[in-house]
Protein chains: 2
Amino acid sequence: MTSHPSSQNIKLAVDAVIFSIKDGDLQVLLIQMKKSPFTGDWAIPGGIIDDSETTIEAAERILKTQTGVSNVYLEQLMTFDDVNRDPAGRVVSVAHVALLPNTQAKLETTEKYQDVRWWPVKKLPKLAYDHKQILQVALDRLTAKIQYTNIAWSLLPLHFSLTELQAVYETILDKPLDKRNFRKRIAALDLIEPSGKKREGGAFRPAELYKFKEKTLKYVEIT
Amino acid sequence: MTSHPSSQNIKLAVDAVIFSIKDGDLQVLLIQMKKSPFTGDWAIPGGIIDDSETTIEAAERILKTQTGVSNVYLEQLMTFDDVNRDPAGRVVSVAHVALLPNTQAKLETTEKYQDVRWWPVKKLPKLAYDHKQILQVALDRLTAKIQYTNIAWSLLPLHFSLTELQAVYETILDKPLDKRNFRKRIAALDLIEPSGKKREGGAFRPAELYKFKEKTLKYVEIT
DNA sequence: TCAAAAGTGTTCCTGTTACACCCATGA
DNA sequence: TCATGGGTGTAACAGGAACACTTTTGA
């Protein structure tokens with residue numbers, strides 16, 4: 001609520017679980033740690049918040065510097081506050097979820113980390129801190145949210161085919177969907193419109209490309 | 001994530017939006033402030049986190065000391081971090097939602113506040129800080145969660161009639177429900193069982209009293 | 001016997017699921 | 001002309017919504 005005479009010794013951090021769909025898998029962007037006691041382990045990008053920035057701003061800044069990605073969808077996930085979650089001291093972390101289309105943005109990290117790369121969520125390496133738990137909560141959130149919002153736009157490029165849209169749902173929900181029923185539902189939701197373009201080049205009928213009418217979070221009903 | 005050389009000057013607080021159903025209304029427990037610049041305004045109970053407690057523990061402690069209530073359902077809501085949300089300095093607050101049955105617990109606050117009382121969410125006084133926003137988010141969460149979880153148990157006494165259970169849903173959803181359809185859905189969910197007791201005393205047929213099989217959060221499907 | 005809340009089934013309707021074939025294109 | 005993914009409609013089914021009367025009790 002407000003200031004307090006006694007001095008508090010808690011650091012406030014942000015973490016960002018970054019998802020994208022690559023090679024037909026849901027993948028997460030992780031950085032590899034140098035610092036003990038997690039040397040070699042992988043971690044969700046994160047860092048300490050500056051006094052004058054919000055947590056979302058901090059997450060954007062840290063994403064940019066630690067992984068090279070920017071301009072992504074970001075939402076607050078949950079705050080993780082176990083007293084011993086960081087062996088170096090009391091650190092409370094406001095975790096976020098970031099979603100981005102499958103673009104080939106160049107990944108780059110700082111000298112503080114060994115490496116950055118995408119990992120399929122089904123084949124994760126050993127994770128530092130409580131990041132396994134954070135990732136699980138993020139995954140649950142994404143799985144739930146794809147079903148009752150239009151959030152798929154954040155995982156797709158500007159123009160996309162209905163098959164590509166369906167693949168996003170199938171990948172996240174981890175189950176096949178019926179093509180005709182899927183298209184009926186999407187049509188009923190009235191969230192997308194034809195872009196006039198077509199995806200050509202394959203040895204088959206070109207796909208009509210669509211775009212989202214609005215790229216802002218909307219609550220809808222999808223099964 | 002971890003410690004950082006530069007010193008951070010952010011205080012970490014918790015707030016707790018406490019809901020209960022009283023007199024057929026959804027009500028929220030607020031405390032009245034003495035301190036400038038919010039003198040006379042009402043606020044969600046809250047305070048600074050101690051170094052060695054989790055946010056949930058802090059919320060429990062603060063609820064007890066600032067309002068006298070304890071033993072409630074508590075869950076993390078969202079973290080509020082606008083840079084200027086507290087005029088006294090940078091304070092990031094991890095907001096929680098607390099739910100309690102309509103018991104007649106004695107309310108008591110500390111000398112730092114003028115008063116504690118329940119307010120119907122439809123007739124709120126002027127709120128301090130960003131507490132109007134926090135309360136709105138809490139209300140949205142409760143309205144959503146009553147529909148897909150068994151969380152109603154946290155708002156009811158151990159034994160309750162089906163009519164009382166229905167009233168909880170009707171109050172939170174703010175709309176009347178069909179008695180027969182409601183009972184069918186509840187029966188299908190298999191979350192409650194007859195307690196063998198009856199609510200007697202009225203000039204009418206006594207109601208069978210039920211109890212929840214489990215008082216832990218379960219995800220279900222209710223319309 | 002009256003007033004008040006408790007308790008109980010059926011029908012209709014709407015939305016979800018299951019399912020198979022023709023289309024357009026490039027090789 | 002063939003292989004490939006793109007695109008389309010209908011019938012069966014299940015779950016949700018609408019709806020009214022009888023029961024039990026205390027006064």
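Order of the sequence lines sets the chain letters (A, B, ...), proteins ahead of strands, with each chain counted from 1. Both backbone and side-chain heavy atoms feed into the values below; hydrogens, waters and symmetry mates do not.
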Restricting to side chain to side chain contact (heavy atoms under 4.5 Å, CB included), what partner residues turn up for A:E53, sequence neighbours left out?
A:I49, A:D50, A:E57, A:A58, A:R61

Relative orientation of the end axes in the helix from C:dT1-D:dA27 to C:dA27-D:dT1, expressed as an angle to the nearest 10° (five pairs per end):
0°

Whole-Å gap separating C1' (D:dG7) and CG (A:L165)
15 Å

Here the distance between atom C1' of D:dG7 and atom CD1 of A:I186, to the nearest Å, is 15 Å

Report the residues that fulfil side chain to side chain contact (heavy atoms under 4.5 Å, CB included) with A:K179, sequence neighbours left out, ordered by chain and then residue number.
A:Q166, A:R183

The salt bridge (charged side-chain N to carboxylate O under 4.0 Å, His left out) partner of B:K122 among B:D174, B:D25, B:D23 is B:D174

Specify the separation, in whole Å, of atom CZ of A:F182 and atom P of D:dG7.
12 Å

Listed partners of A:N181 passing side chain to side chain contact (heavy atoms under 4.5 Å, CB included), at least two apart
A:D178, A:K184

Nucleotide C:dA4, atom C1' - distance to CZ of B:R199 in whole Å
16 Å

For A:N71, which residues count as a side chain to side chain contact (heavy atoms under 4.5 Å, CB included) partner, sequence neighbours excluded?
none

Atom CG of B:L173 and atom P of D:dA17: how far apart are they, to the nearest Å?
12 Å

Tell me which residues in residues 200-210 of chain B lie within less than 4.0 Å of DNA chain C, going by non-hydrogen atoms.
B:A203, B:F204, B:R205, B:P206, B:A207, B:E208

Test ring-ring contact (aromatic ring centres under 6.0 Å, His included) applied to A:F38 - qualifying residues, sequence neighbours left out:
A:Y129

Nearest-Å distance for atom pair CZ/P, residues B:R183 and D:dA18:
18 Å

Between C1' on D:dG6 and NZ on A:K198, what's the gap in Å once rounded to a whole number?
10 Å

Excluding sequence neighbours, so at least two apart, what forms ring-ring contact (aromatic ring centres under 6.0 Å, His included) with A:F160?
A:F212

Indicate whether OP1 or OP2 belonging to D:dA18 is found under 4.0 Å from a side-chain N or O atom of B:R180.
no

Please enumerate all residues that pass ring-ring contact (aromatic ring centres under 6.0 Å, His included) together with A:F182, with sequence neighbours excluded.
A:Y169

Between B:T163 and C:dA5, is there a contact of a side-chain N or O with OP1 or OP2 at under 4.0 Å?
no

Any donor-acceptor N/O pair, A:Q147 side chain to A:A144 backbone, under 3.5 Å
no

Given that B:K184 and A:N181 both sit by DNA chain C, which one's nearest nucleotide is further toward the 5' end?
B:K184

Tell me whether the side-chain N/O atoms of A:R185 come closer than 4.0 Å to OP1 or OP2 in C:dT17.
yes

Going by modelled atom types, is there a donor-acceptor pair between the base of C:dG7 and the side chain of B:K179 at under 3.5 Å?
yes

